[in-house]
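Worth saying up front: this structure is predicted, and the values here are computed from it rather than measured. The analysis underlying the following values was restricted to heavy atoms, covering all of them including side chains, and did not include hydrogens, waters or symmetry mates.
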Amino acid sequence: MKLVVTEKNDAAQKIADLLGASKPKADKVYSTPVYRFDLDGEEWVTIGLRGHILEPDFAPSLVYKKSKGWQGVTEEGEVLPAAIPATLPKPPFKKKKPFTVDGVELKAWKMEALPYLVYAPIEKLPKEKEIIRSLKNLAKKADSIVIATDFDREGELIGSDALSCIQEVNPDAPVSRARYSAFTKEEITNAFENLVELDTDLASAGASRQDIDLIWGAVLTRYLTLVKFAGYGNVRSSGRVQTPTLALIVARERERLAFVPEDYWVIKGAFGEVDDAFEAPHETARFKVESEAQAVMAHIEGKTKATVESIEKKKRTVAPPVPFNTTSLMAAASAEGLSPARTMRIAESLYMDGYISYPRVDNTVYPSSLDLAETVQRLVGNPAYAPYCRELLSKDKLTATRGKKETTDHPPIYPTNSATPDDLPAAEYKLYNLIARRFLATLSEAAVVEGTKVSLEVGGETFIGRGDVLVKQGFRAIYPYGLKKDEQMPALEQGQQIAFGGATCTKKQTEPPARYSQGKLIQEMERLGLGTKSTRHSIIERLYAVKYIMNDPIEPSQLGMAVCDALDKFAPHITHPEMTAELESEMDNIAAGSTSKETVVTNSRNLLADQLGELIPHSEEVKEALADAVAADAFIGKCPKCGKDLQLRASQKTRSMFIGCSGWPDCDVTYPVPKGKVESVEEPCPTCGMPQIKVTAFRSKPRIVCIDPTCETNHEPNVEVGECPTCKAQGKTAKLIAQKNPRTLKRFIRCENYEECNTGYPLPQYGKLTATDEVCEHCGAPMVIVTTNRGPWKLCPNFDCPGKEQDKDAKKGASAKKGAKKSTAKKK
DNA sequence: GCAAGGTC
């Protein structure tokens with residue numbers, strides 16, 4: 001039996017489809033799908049991994065031997081390459097026990113352990129145990145192995161890891177490597193007819209990246225976390241990609257902080273009458289000196305006529321966009337309000353459901369194997385695209401635009417099936433629509449815009465009016481994204497006298513450079529070689545998760561700035577994108593065989609040891625800087641009782657947020673905080689003068705709330721919502737009252753007879769509450785209406801209402817149906 | 001409790 005190992009299940013299936021003479025049989029080994037088929041009388045099996053199946057981590061235990069020059073030796077007797085440098089105290093010799101120095105176990109998160117952690121040996125541990133089990137099971141029966149992972153450095157490493165698992169159970173089977181860069185019959189057949197050897201140097205290059213990332217990431221993350229320990233769950237991370245990315249954001253913020261705005265004045269004139277009215281600015285777009293602007297205003301004072309001095313018309317073409325790769329998709333979706341991380345989550349799901357092609361690509365040129373006309377034909381299924389598709393199909397030949405990046409890994413992102421708004425949830429359709437329209441746009445003609453420039457003279461001063469009109473739609477007919485509105489100029493003639501309705505002079509200020517949007521940041525990361533198409537969005541998410549950055553456009557927190565400054569001062573290697581560039585070139589050397597993984601990793605360890613040597617003596621300074629930053633980020637306002645700072649804090653026990661006085665335990669002032677994301681607001685409450693906070697509940701617009709629960713602005717009258725069903729069943733009558741707990745601000749419904757009857761229901765915590773006359777048909781609780789910015793919502797407040805279960809079942813049924821539809825969509 | 005890189 002021949003065993004073919006691919007990087008993912010999808011690839012295993014496709015290769016089986018393309019190589020097998022007849023349809024391959026889908027099977028499972030344990031829970032892993034595999035594909036069996038016959039070829040030239042031999043039995044073949046393909047199995048897909050799940051990316052990396054092994055993961056490097058610090059070895060759980062080791063001993064250091066003096067006889068080996070203080071190099072680490074594992075329990076199995078393997079001598080490890082990294083030696084403890086002569087400058088560090090040597091650990092006591094302890095056999096088969098965790099490595100300790102002065103009683104400190106070096107696996108533990110301890111400041112004293114960090115210099116040793118730099119040199120700690122690394123092992124590869126299983127990550128996908130189920131897959132490894134299935135792989136080994138098949139490997140036992142295999143006569144030969146073909147590694148058919150992706151054709152890149154990480155693919156070589158993934159294949160090499162798979163091979164090490166295979167050889168544990170079957171060391172003798174011959175191994176070869178298939179290299180392909182597209183899933184076409186020709187390419188795959190060719191790859192399997194011309195098998196090569198696994199490139200172990202290339203795999204080592206990938207493995208050195210893994211080790212260096214782990215060592216630097218773990219050491220610096222532990223340093224930052226331990227230097228100012230703030231409780232479990234408060235990790236302050238650092239890494240080869242995330243820290244330079246943070247540095248970009250911080251540098252931009254510093255530019256903004258250093259920016260000195262300059263005043264300037266703008267003069268705008270009103271011309272024409274009624275329907276033909278338009279505005280035009282003075283030919284000097286910005287007056288830096290106010291008196292110059294006033295002189296112009298004086299010249300035109302009282303004038304009522306303007307003369308058309310000249311009219312210039314120029315046509316310019318706007319080229320259709322190039323095909324989407326991952327980066328350009330994320331940038332375009334970011335402009336439409338979908339974050340890169342969300343875009344990738346949605347794209348993955350659209351891909352799995354058969355609506356779009358593989359979403360992780362660098363390529364921006366459609367391969368010749370892609371049938372453009374057939375893809376357009378499929379999109380006819382959506383009535384919104386159908387007329388445009390037919391127009392495209394009526395052409396003799398379809399030509400597509402080409403981007404600058406041409407790789408052969410996958411085709412650029414294009415729609416593989418038609419979908420309508422009824423087929424998909426709103427956000428999914430939004431992204432699908434963008435991808436489908438982009439695809440059609442890449443096959444379209446250029447748009448033509450006619451620009452008009454009109455010179456107008458008033459009292460010896462010149463004004464310039466401009467208009468832009470789309471005269472030929474071209475690709476714009478199907479791709480309206482980023483389209484500017486037409487600015488039509490009325491028909492004018494040279495020498496014509498038109499009405500002048502006076503001018504305004506407005507004082508303005510120059511603006512600092514803009515903060516990065518997530519889309520722009522992704523593009524900048526790509527330009528600097530930071531991260532990959534598959535990881536950039538998650539790196540940004542990580543920076544949000546550790547609270548180094550906030551909002552979009554992205555702003556660094558005080559903590560983010562402090563971390564960046566501390567590292568830049570004492571460990572500058574990690575804050576610059578050059579670390580990645582240098583690593584890339586070292587990896588090229590490893591792949592070329594001119595250096596070894598051991599040399600590169602050891603050099604990197606020495607460099608990290610140097611930087612840690614700078615950080616540790618300055619721990620007090622770093623600690624203070626981080627502590628001040630954390631306090632500044634948490635600052636909400638001043639305590640009304642003791643005057644110290646009120647801070648947003650997390651309860652140790654429940655992790656829920658509250659506002660507490662920094663003078664605790666001397667001062668016990670606290671305030672509750674509503675659910676959702678909480679940010680500080682500068683302006684105090686206009687009613688009571690207490691600090692306010694901005695609260696953003698899940699999927700809602702932010703609202704500004706006074707922190708004082710007793711403030712009038714937080715007062716909500718009690719609302720009678722109906723009769724208590726429990727009391728009614730006992731022959732009594734009692735009202736149910738919706739009310740707010742004055743201390744916690746939690747809103748709930750309770751029976752007015754609560755001393756005897758404990759009937760109560762929870763309520764949504766925000767939105768206007770209104771009572772109805774209706775009673776829930778399932779449980780008899782009164783129905784209420786909650787009106788949020790998403791509109792009114794009628795609900796039964798009973799958490800245990802039997803109707804809720806039925807709702808859930810109905811939803812389950814709907815999604816099962818949808819699943820069935822999805823699988824048919826995929827078959828097509 | 002760390003990173004970044006694959007993929008789900």
Requested in this report: Could you tell me whether A/K124 and A/D57 have a side-chain N and a carboxylate O separated by less than 4.0 Å?
Outcome: no
Report task. Answer yes or no: does a side-chain N or O of A/R222 lie under 4.0 Å from OP1 or OP2 of B/dA3? Result -> no
Report task. Report yes if some heavy atom in the side chain of A/E7 is under 4.5 Å from a heavy atom in the side chain of A/L49; otherwise report no. Result -> no
Query raised in the report: Under 4.0 Å between a side-chain N or O of A/T532 and OP1 or OP2 of B/dG6?
Result: yes
Query raised in the report: Can a side chain N or O of A/S237 be found less than 4.0 Å away from OP1 or OP2 on B/dA3?
Result: yes
Report summary line: Ranking A/I53 and A/A218 by the position along DNA chain B of their nearest nucleotide, the one closer to 5' is A/A218
Query raised in the report: What about A/D213, does its side chain sit under 3.5 Å from the base of B/dC2 through a donor-acceptor pair?
Result: no
Requested in this report: State, yes or no, whether a side-chain contact exists between A/R222 and A/L114 at a heavy-atom distance under 4.5 Å.
Outcome: yes
Query - B/dG6 OP1/OP2 closer than 4.0 Å to side-chain N/O of A/S534 - result: yes
**Report entry** Neighbour count above 12 (heavy atom, 6.0 Å) for A/R179 CZ
**Finding:** yes
Query raised in the report: Separation of A/I122 atom CD1 from B/dG5 atom P, in whole Å?
Result: 16 Å
Query - Integer-rounded Å distance: B/dC8 C1' and A/D353 CG - result: 13 Å
Query - Nucleotide nearest A/R50 when distance is taken to its side chain, options B/dA3, B/dG1, B/dC8 - result: B/dC8
Requested in this report: Please determine, for the side chain of A/E7, which listed nucleotide (B/dG1, B/dT7, B/dA3) has the closest atom?
Outcome: B/dT7
Query raised in the report: Does the B/dA4 base have a donor-acceptor partner in the side chain of A/E154 within less than 3.5 Å?
Result: no
Query - Whole angstrom value for the distance that separates P of B/dG6 from CG of A/D152 - result: 7 Å
Query raised in the report: Can you check the A/K124 NZ to B/dA3 P distance for me, whole Å?
Result: 18 Å
Query raised in the report: Whole Å only: how far is the NE2 atom of A/H410 from the P atom of B/dG6?
Result: 11 Å
Query - Pairing of A/K569 and A/E614 as salt bridge, 4.0 angstrom limit - result: no
Query raised in the report: Can you find a side chain N or O atom of A/R240 that sits less than 4.0 Å from OP1 or OP2 on B/dG5?
Result: yes
Query raised in the report: Got a donor-acceptor pair under 3.5 Å from the side chain of A/E128 to the base of B/dC8?
Result: yes
Query - A/R360 side chain near B/dG6 phosphate (N/O to OP1/OP2, under 4.0 Å) - result: no
Query raised in the report: Under 4.0 Å: is that the gap between some side-chain N or O of A/Q210 and OP1 or OP2 of B/dA3?
Result: no
Query - pi-stack flag for A/W109 and B/dG1, centroid dist under 5.5 Å, interplanar under 30° - result: yes
Query raised in the report: B/dG1, B/dA3, B/dT7: which one has an atom nearest the side-chain heavy atoms of A/Y358?
Result: B/dT7
Requested in this report: Under 4.0 Å between any heavy atoms, over every strand shown, what does A/G48 touch: base, sugar-phosphate, or nothing? Just pick one.
Outcome: nothing
